[in-house]
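All remarks here apply to the structure that follows.
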Amino acid sequence: MRTSRLQRRYLTRRLEILRAAGREFRTRGFAETGMREIAAAADLSPANLYNYFRGKDEILFFCQDNALDRLIANLEKTRRARTQSAGDKLRTIILFHLHCVLDEVEGSAAHLLINSIPRRLQKRLLSKRDRYEHGIRRLIASGVRSGQFLHTDPALATRAILGALNSTIAWFNPQGMLSTEQLAENFGTYLVRGLCGRRALSRPTVARPIPAVAAAQSLRRIRGKSADLNRDRSRTVSKKLAKKGSQQW
């Protein structure tokens, strides 16, 4: 019993260190963050920190490993659900993914460069990433077969979705106009709608319109007024190219 209690305390402390390190990696960058800064953020002495981790590359590995375990566990749980459509399942995965990488600081460190991590550990991470990607790909493929999604390449669609989700780490501002929840709801709607085409979603409402949408609508009205002019110009250019011969791309 005493050993079990000590193990829980040890694992809890390691998770606290991961979160502190994740904050430092996100703020300073991985290269500029040393064990001394991580120890200070975790309220430990540098010597005590080495009782939990041997170096910052090992800390980064566990940040990534922990985040991937959570993503995979949610993926498997969502895929097994029988009451949701393929679109709802994909939406659930998208929302959880964004909360993991934006709300959990060790999750945000899951997509930093991993070149400094030993190759044997890199392989373990890449194996889990492939497993996660493959699971989403199977879900999309299932939606295509059942007619819930438009015909598409599941591998390409999966990479486009994951690329969009992971890129938010670089530009999302927690103090900005959208909360993580609102951003996740918007992404869930946009990305799933792209696979469903005109098919109705069970939750089609966007959490909050992004202000730039109004500007885009105004721009479309302006473009609409000049559409005829652009069409005439395009015809003129096409005639000239037909005479000269256009270059093949």
Is Asp88 reaching over with its side chain to a backbone N or O of Gln84, donor-acceptor style, under 3.5 angstrom? no
Are any of the side-chain nitrogens in Glu185 or Arg91 under 4.0 Å away from the carboxylate oxygens of its partner? yes
Would you check if the side chain of Glu76 reaches a backbone N or O of Ala73 as a donor-acceptor pair within less than 3.5 Å? no
Separation between CZ of Arg23 and CD1 of Ile38, rounded to the nearest 0.5 Å: 11.5 Å
Where the side chain of Glu58 meets the backbone of Arg54, is there a donor-acceptor pair that is under 3.5 Å apart? yes
Would you say the side chain of Arg145 lies within less than 4.5 Å of the side chain of Ser142, judging by non-hydrogen atoms? yes
Using a 3.5 Å distance criterion without hydrogens, assess whether the side chain of Arg14 forms a donor-acceptor pair with backbone atoms of Tyr52. yes
Flag the pair Ile136 / Leu90 as yes when at least one side-chain heavy-atom distance between them is below 4.5 Å, and no otherwise. yes
Taking atom CG as the centre, does Asp43 end up with more than 12 heavy-atom neighbours from other residues, nucleotides or ligands that are less than 6.0 angstrom away? no
Could you check whether Gln148 and Ser146, counting side-chain N and O atoms only, form a donor-acceptor pair closer than 3.5 Å? yes
Should Arg13 and Glu16 count as an ion pair when the cut-off is N to O under 4.0 Å? yes
Output yes when a side-chain donor or acceptor of Lys56 lies under 3.5 Å from a complementary backbone atom of Thr33, and no otherwise. yes
How many angstroms lie between CG in Leu191 and CG in Leu165, if you round to the nearest 0.5 Å? 6.0 Å
So CZ of Arg82 and NZ of Lys89: to nearest 0.5 Å the spacing works out to 9.5 Å
Could you go through Leu98 and Phe172, starting from their C-alpha distance and side-chain angles, then the distance that decides it, and tell me whether this counts as side chain to side chain contact (heavy atoms under 4.5 Å, CB included)? CA-CA 11 Å; Leu98 277 180; Phe172 177 67; over 6 Å; no
Determine whether Arg124 and Leu121 satisfy the following criterion, side chain to side chain contact (heavy atoms under 4.5 Å, CB included), listing intermediate values before the conclusion. CA-CA 5 Å; Arg124 288 172 56 182; Leu121 297 180; 3.8 Å; yes
Do you know which two heavy atoms are closest between Leu18 and Ile59, and how far apart they sit? CD2-O, 3.6 Å
Minimum side-chain heavy-atom gap Gln122-Phe61 below 4.5 Å: no
Determine the minimum heavy-atom distance between Ile93 and Asn74, stating which atoms define it. CA-ND2, 4.0 Å
Test item: side-chain donor near acceptor, Asn66 and Asp69, under 3.5 Å: no
Quick one: CD1 on Ile72 to NE2 on His134, what's the gap to the nearest 0.5 Å? 12.0 Å
Salt-bridge contact Glu133-Arg129 (side-chain N to carboxylate O under 4.0 Å): no
When every non-hydrogen atom of Ala42 is compared with those of Ile17, the smallest separation belongs to CB-CG1, 4.2 Å
In Å and rounded to the nearest 0.5 Å, what is the OG1 to CH2 distance from Thr168 to Trp171? 6.0 Å
Main-chain N/O of Ala164 paired to Ser167 side chain as donor or acceptor, under 3.5 Å: yes
Does any part of the side chain of Leu102, heavy atoms only, come nearer than 4.5 Å to the side chain of Leu183, both counted from C-beta? yes
Could you check whether any side-chain heavy atom of Glu32 comes within less than 4.5 Å of a side-chain heavy atom of Glu24, counting everything from C-beta outward? no
Please check if the distance between the ring centroids of His97 and Tyr132 is under 6.0 Å. yes
How about Arg8 and Ser4: does a side-chain donor come under 3.5 Å of a side-chain acceptor? yes
Any non-hydrogen side-chain atom of Lys128 less than 4.5 Å from a side-chain atom of Leu125? no
Looking at CZ of Arg137 and CD1 of Ile161, how far apart are the two atoms once the value is rounded to the nearest 0.5 Å? 12.0 Å
Would Leu156 end up clustered with Leu150 when hydrophobic side chains under 4.5 Å apart are linked, directly or stepwise? no
Ser179 and Gln182: CA distance, side-chain angles, deciding distance, side chain to side chain contact (heavy atoms under 4.5 Å, CB included) verdict: CA-CA 5 Å; Ser179 66; Gln182 291 163 339; 3.4 Å; yes
